[in-house]
Amino acid sequence: MAEKIIRAVRGTRDLLPPETELWNHVESTARRIFTRYNFGEIRTPIFEDTQLFARGVGEETDIVSKEMYTWEDRSRAQSEKAQSLTLRPENTAGVVRAYIEHQLGESGLLQKLYYIGPQFRRERPQKGRYRQFFQIGAEVMGPQSAGSESPLRDAEMLEMLTSLLDELAITGWTLNINSVGSASDRPLYVEALRKALQPVIGRMCVDCQRRAETNPLRVLDCKVPEDQPVIETLPRIADSLDDASKAHFAAVCAALDICGVPYQRNHRLVRGLDYYTRTTFEFTHGGLGAQNALLGGGRYDGLSEMLGGPKAPGIGFAIGADRLVLTLQAQQAEQASLPPDLADAYLAPMGVVLDAPALSLARELRRAGLRIDLGDGSFRLKKSFETGNKLARQIILFGEDEQQSGIFTVKNFANGEQTKVAREHLVTALKSIEK
RNA sequence: GCGGUUAUAGUUCAGUGGCAGAACGCCGGUCUGUGGCACCGGAUGUCGUGGGUUCGACCCCCACUAGCCGCCCCA
C-alpha cells in the first residue's frame, strides 16, 4: 500500500533552480542599491504577538480581520502564559516594534533599515498572490530632530525605488502618489466622505455599499464603470488636508520634479493598512494581471505611538518580490532566452577505482574557485560525455593514463577542441575558457 | 470569502461510452578512451481524489482537492 504523497500546501510553492538564480539576482541587486543609500539590514521574527498587528495594521483591515495565520501558543509551564501569536502578514509593524524595543531612536540618528523575507496572508491564491509570499522592503524612521518627517525622505525613497527598478531593467511601470492626510485630518475626511456617500450610496455597487460601512476610503478605489461618475462628485482628500500636509506633499512633488522622477498624482489612491498617513504611493505594472501592484508604501507618522513607543515619524515600502520576479520572467520571455548556467568543467573518472582520486582532484579545483561537477566512475565514457555536455562547458577525462602521467585530457564542448594539460596547469587552463 | 475554468507519461498536450496515445525528454543499442547528428529498440501512467450511473467510465453525473483567470484584497 503506497503512502499518499505530501504536497506543498495551498498557496505555498517551491522555488527551484534556475528560477532561484533570478531571485538571488533580485535580492542582491536590492541589497546593493539599499547599501548605496546607506541602509542597513534588519531581520525580525516571522511570528509576533498578535496584538502587534491588531494595533499596528488595524483591527478592521481585511488583513487583520480575515487573512492572518493566528494560533494560541500553549503554555508549557505554570509560569508561562498562553499567548496569541501570528505569522507576520507584513513587516513594517515588526520593524517599528524592534525600533521601540531597542530604543533605536535614542541614537538621535535616522534609522534606515531594509528587510527581505517571507510574509503570510490567508488569501485565495492567484497569479502574483500567494499565502506565503516574499517582500523586500525598507523603512526610514526616527525622531523628528533627525529629519524623519522631512518631505526629502519621501522623495529620496521614491527616487531610490526608481533606481532599483532601473537597475533591474524593469520597464513599463507607473508610479502613483497621493497624500491621505495626517493622523488628525484623516478622520475628518473620512467623516466628510461618509456624509457625502449617504445620499448616493444606494446607486453604487454592492461592494461600495459594504465599503461605505467598513472602510469608506476604499470606495475611491472602486473600478466599476457605473460608479465612476458618483465617485467624481465625492470630496477629495486633497481638499481636506491641513496646510502642513498640503505643503509637505507639495514639497515631495517638487523634489521629484527636480530629480526627473516620473509620477502620477492620483487623489484616489488609498492604502489598506490603517497606519498610513500623508504620502502614499504604489508602483504598478501592466504585465501582472489583476495583482498589478509591484510595490506600495507610504508614511506612518503615528505608528510608533500606536504601539506604545516614542514619536517617530517614518516612511516605508514593500516590494512584492514574487511579482518582481514574475515581471522579470515575462520580460525575459520576450527577449532571447538566456544561455544555460553551466559549470566550468565536468570531471569524469573512468572507472570506480578512480572515484576517490577524482574527488581529490575536484577538491583541488574547487578550492581554486572553479565550478566543478564531479561525475561517476561507473558511467561508460559516452554517458560521461552526454552528462557533461548538459552540465558543463568542458570535460576533464580522468582515466588510468591520466592517473599515471598526471597529464589530463580536457575537451571544450563548444568547439570540440581537445588538449592535454598537466595537473599543475589545470586550474589556469580551465579558467581560460570563455564563458 | 464569491464566480468562471482546467486536471491524461518526467514535460507540453491529443483522445474515444468498449486494448491508454503523440512530440520532446529519459534508458539501451548501432558506437568496449570521445558528446552534440542520425538510425534502431525500450520503459512510462491508480487518466487529480472519492463516490454514482452503466454490461462496461479516462469519457456522463455528483462531491472534494489543487492549479489558473476574474471579483475581493494587496505586495
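To find a chain, count down the sequence lines: A is the first, B the second, and so on, and within it residues start at 1.
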Identity of whatever pairs with B/A63 - Watson-Crick or G-U, under 3.5 angstrom: B/U49
Short side-chain N/O contact from A/R211 to OP1 or OP2 of B/C72, under 4.0 Å: yes
Base-pairing mate for B/G1 - Watson-Crick or G-U, with both contacts under 3.5 Å: B/C71
Side-chain donor-acceptor contact under 3.5 Å, A/N91 with A/T44: yes
Whole-Å distance separating the CZ atom of A/F379 from the P atom of B/C26: 13 Å
Ion pair check, A/E41 and A/R43, cut-off under 4.0 Å: yes
Complementary nucleotide for B/U44 - Watson-Crick or wobble, under 3.5 Å: none
Under-4.0 Å side-chain N/O to phosphate OP1/OP2 contact, A/Q418 with B/U34: no
Nearest-neighbour nucleotide for the A/L381 side chain, B/U34, B/U65, B/G1 considered: B/U34
Earlier contact from the 5' end, RNA chain B, for A/R122 and A/E417: A/R122
Proximal nucleotide (of B/C71, B/G36, B/A75) relative to the A/D322 side chain: B/A75
A/F413 over B/G35, stacked by centroid distance under 5.5 Å, angle under 30°: no
Any A/R271 side-chain nitrogen or oxygen under 4.0 Å from OP1 or OP2 of B/C73: no
Inter-nucleotide P distance (B/U30, B/C69), Å rounded: 48 Å
Between B/U53 and B/G17 - C1' atom distance, rounded Å: 12 Å
Pi-cation contact, A/F379 with A/K383 (under 6.0 Å, within 45°): yes
Euclidean distance for C1', B/A20 against B/C47 (whole angstrom): 8 Å
B/G70 and B/G52, which share atom name P, separated by this distance in whole Å: 38 Å
Heavy-atom donor-acceptor pair, A/R380 side-chain to B/G28 base, under 3.5 Å: no
Between B/C27 and B/G36 - P atom distance, rounded Å: 12 Å
Salt-bridge present (A/E149, A/R278; N to O < 4.0 Å): yes
N/O donor-acceptor pair, side chain A/K411 with base B/U34, under 3.5 angstrom: yes
A/A318 side chain, from C-beta outward: closest of B/C26, B/A75, B/C2: B/A75
A/F317/A/F281 aromatic ring centres below 6.0 Å: no
Per A/K127 side chain, nearest of listed nucleotides B/C72, B/G33, B/C69: B/C69
Under 3.5 Å donor-acceptor pair, A/E402 side-chain atoms to B/G33 base atoms: yes
Nearest to side-chain heavy atoms of A/I63, which nucleotide of B/C26, B/G1, B/C74: B/C74
Short side-chain donor-acceptor distance under 3.5 Å, A/E60 and A/S65: no
Verdict with supporting geometry, A/D344 and A/R366, salt bridge (charged side-chain N to carboxylate O under 4.0 Å, His left out): CA-CA 10 Å; A/D344 294 313; A/R366 286 165 173 158; over 6 Å; no
B/U12 pairs with, by Watson-Crick or G-U criteria that keep both distances under 3.5 Å: B/A22
Residue A/L397, side-chain atoms from C-beta onward, closest of B/A75, B/U34, B/C68: B/U34
Heavy-atom donor-acceptor pair, A/R323 side-chain to B/C74 base, under 3.5 Å: yes
N/O (side chain, A/R129) to phosphate O (OP1/OP2, B/C72) under 4.0 Å: no
Nearest-nucleotide pick for A/D207, side chain only, options being B/C73, B/G70, B/C72: B/C72
Per A/N389 side chain, nearest of listed nucleotides B/G29, B/G35, B/C68: B/G35
B/G33 pairs with, by Watson-Crick or G-U criteria that keep both distances under 3.5 Å: none
